[in-house]
Protein chains: 2
Amino acid sequence: MSGRTPGEQVTIADVARHAGVAASTVSYVLSGKRTISATTRSRVLASVRALGYHPHAGARALASRKANVIALVLPLRTGMQVPVVMRFATAVVTTARRHDHDVLLVTADEGPAGLHRIAGSALVDGVLLMDVELEDSRVPLLRELALPGVLIGHPADSTGLACVDLDFRRAGELCVEHLAAAGHRRVALLGAPAAVYDRGTGFAHRTRAGVRAAAGRLGVDAVTRPCEEGPAAVRHDLEALLADHPDVTGLVVQNESAVGPVLATLPLLGRRVPRDVSVVAICPDELAEQSGLTCVPVPAEEVGRQAVALLMRRLNGEPVPEVTLLEPHLTVRDTSGGTGR
Amino acid sequence: MSGRTPGEQVTIADVARHAGVAASTVSYVLSGKRTISATTRSRVLASVRALGYHPHAGARALASRKANVIALVLPLRTGMQVPVVMRFATAVVTTARRHDHDVLLVTADEGPAGLHRIAGSALVDGVLLMDVELEDSRVPLLRELALPGVLIGHPADSTGLACVDLDFRRAGELCVEHLAAAGHRRVALLGAPAAVYDRGTGFAHRTRAGVRAAAGRLGVDAVTRPCEEGPAAVRHDLEALLADHPDVTGLVVQNESAVGPVLATLPLLGRRVPRDVSVVAICPDELAEQSGLTCVPVPAEEVGRQAVALLMRRLNGEPVPEVTLLEPHLTVRDTSGGTGR
DNA sequence: CTCGTCCGTCGAAGCGCTTCGACGGACGAG
DNA sequence: CTCGTCCGTCGAAGCGCTTCGACGGACGAG
């Protein structure tokens, strides 16, 4: 179609020759950094299309000192909410593309050395860090490297950083407020696996704090306990919870893999939902929708979009807020209701 | 520590000066493309470490005509097996790093234009294409662009390509053989969502073909039907299946999200597992392990490793087989057994 | 002892882009 | 009509690397 041999790089010089202008003019047409007459512009753009020109990414990065690539540092460890991560990643890629950036996938197990390498080699202009822990070793490194970064979740000390997250504390409060308003006086949080709390992962700790705070404020009894993954483990943890606290009538679940098993197990333990026990989850909305579950959705896409938008503003040298918390909302479905007690 | 201002690029010239050699010598030490004396080599490497040198990725790409980056083109559509995708992605990144390559994340919704852009801008040296359909529009494009690629799954025409996949046909056969050997004469495949078959996705079609082939060969009745996602949908589809075919005693499940609901629903329909109905799944092994499920594991990591290894061989100009099928294995657990009939 | 070979290193060129300074020419002000 | 301004374009330099050819010098063969 274009007549060129596939695989051969079309250069800016080819375009310039084809359009009868200087290479710098082509560059200015493409970047818009200088005014170019309408006729020249359209001639150049026609040549770009005719030749199927794409600027060489490496050459561009070298000359402009911008890679137009951001890194997405993913965790991929036990207890991560996998579908949430995927939807988040999609939103990140899509939004980044809209800002003319690509996304490099980095796994956390390369650790701080990975950040060093990526920053040192100018492979990326900035990073998105997921699954940030309260005391995260990568955070000081980010500061030291002067590498623009946006964190998903937030560490204990967020000075000089940019963090985006659902307001999990508020989400925990919302769940308890909803249950309390329906008359529940004893509630329980069935949370993430113990390892997640041990790592000091922010969302788990903050949710728990929110549940406790709201319970304290509203005069509700609240117990909280971790929950391991897998149907058998969930069932076991739920049974243990109800054995220790048989009078719990409101359940907050923050563990994707537990949602299905919890709803399946409760009837077997003689608890009908929502008549005997109300269940509220903090989880992806589709998951909740499938089961008619009352929930506070985790807005993965929105977090991804916001994170990229913030990073782009940082890359442009604009100031950004240290902490951006997304307001949670509770969607009422079939698994929560009043209590007879 | 290193004494340099953070964010300032350390260049090969800095290293050369520090070590008292020419820049080209540093380059040769790092690439190993010419013999360098042991003393020079160690002096250079010491300087590299002292200065914290990382070669500028763009400059390297420009000069060497290699980006040392591969693209991972992910689907992210309905019916994809999300955890499998994640584990696959991790294996890809890890293996690529071992070959000194990074991974660019591309979503399929950028479509063929994305491949054009990526190839044209020399951002990547090759691509890994996931979720390949039997008639995939990206496949001819790959050929046209002369862009080295490895496909996960395989299209109808694999001429000149490199495809890696679990041998899903054989996996389907294995499941039926296992059930037949245990005495089951009527089996059913509860498969992927209908949309997945409609798209012509290879793994779904091949599994179904394998189930049918083995059933025919062994004189077993086999019915196959798609299964939508979500507990309610799964339950509905399973009930419909058993209503139409009440004498089915062997169930093959190829749908991650259906595994839990199927095991939860069967007892409610009066079928104990494995006494009344044996269940065999094709799914990630952890998922099966959690439920004590007999299964043919989908070896996501192994597929990822193989795919990267093949791509690296292609990038080195070595010949690679058109189709690489991984041999499936059946792991017997608690959900399958003999039948009384 | 001499010559050829080859090992180890160097310098220069070039990869494809961006950006800076310069410079015609059009056009408006006086 | 003249001069100054500014718009639109050009050419050159430079980004940091790899790679090629060249060339000392050591060393072995004769």
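This structure is a prediction, so every number in the text was calculated from the model and none was measured. Note that these values count all heavy atoms, side chains included, but never hydrogens, waters or copies made by symmetry. First the proteins, then the strands, lettered A, B, ... as listed; each starts at 1.
The side chain to side chain donor-acceptor pair (under 3.5 Å) test applied to B:H54 returns no partner, not counting sequence neighbours. For B:D136, the salt bridge (Lys or Arg N to Asp or Glu O under 4.0 Å) partners at least two apart in sequence or on another chain are B:R138. The side-chain contact (heavy atoms from CB on, under 4.5 Å) check on B:A307 picks up B:L128, B:V150, B:I152, B:V164, with sequence neighbours excluded. Under the side chain to side chain donor-acceptor pair (under 3.5 Å) criterion, A:S37 pairs with A:T39, A:T40, sequence neighbours left out. With sequence neighbours left out, B:R17 forms a salt bridge (Lys or Arg N to Asp or Glu O under 4.0 Å) with B:D14. For B:D125, there are no salt bridge (Lys or Arg N to Asp or Glu O under 4.0 Å) partners at least two apart in sequence or on another chain. With sequence neighbours excluded, the residues that form a side chain to side chain donor-acceptor pair (under 3.5 Å) with A:T159 are A:D157. Scored by the salt bridge (Lys or Arg N to Asp or Glu O under 4.0 Å) test, A:R117 finds A:E110, B:D102 as partners (sequence neighbours excluded).
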Just the dot-bracket of DNA chain D, please: which string comes out with Watson-Crick or G-U pairs under 3.5 Å, [ ] for crossing, | for another strand? ||||||||||||||||||||||||||||||
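Atom P of nucleotide C:dG16 and atom NZ of B:K66 are separated by 16 Å, given to the nearest angstrom. A:L62 has its CG atom 4 Å from the C1' atom of D:dC15, to the nearest Å. Between A:H56 atom NE2 and D:dC15 atom C1' the separation is 14 Å, expressed in whole Å. Following rounding to the nearest Å, A:R17 (CZ) and C:dG16 (P) show an atom-to-atom distance of 11 Å. In this structure, B:I12 atom CD1 and D:dT19 atom C1' are separated by 12 Å, rounded to whole Å. In this structure, B:R60 places its CZ atom 11 Å from C1' of D:dG16, rounding to the nearest Å. Here the P atom of nucleotide D:dG16 and the CG atom of A:L123 are 15 Å apart, to the nearest Å. Rounded to whole angstrom, the span from the CG atom of B:D14 across to the C1' atom of D:dC17 amounts to 13 Å.
Under a 3.5 Å cut-off, the side chain of A:T90 and the backbone N or O of A:M86 do form a donor-acceptor pair. At least one donor-acceptor pair closer than 3.5 Å links the side chain of B:E322 to the backbone N or O of B:G160.
Nearest to the side-chain atoms of A:S64 among the listed nucleotides D:dC17, C:dT19, C:dC15 stands C:dT19.
At D:dT19, one or more side-chain N or O atoms of B:K33 fall inside 4.0 Å of OP1 or OP2 (strictly under the cut-off). Remark: A:R65 is in phosphate contact with D:dG16, judged by side-chain N or O atoms under 4.0 Å from OP1 or OP2.
Residue pairs satisfying the side-chain hydrogen bond (donor to acceptor under 3.5 Å, both in side chains) criterion with at least one member in residues 299-318 of chain A, sequence neighbours excluded, are listed as follows: A:R87-A:E301, A:E302-A:R305, A:E302-A:Q306.
Taking every heavy atom of both residues into account, B:V69 and B:H101 meet most closely at N-ND1, 3.7 Å.
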Contact pattern, 5' to 3', of nucleotides 5-12 of chain D - B, S or - by protein heavy atom under 4.0 Å: ---SBBB-
Every protein N/O lying under 3.5 Å from an N/O of nucleotides 24-28 of chain C:
none

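Residue A:T11 is classed as a sugar-phosphate contact, given heavy-atom separations below 4.0 Å to backbone atoms only.
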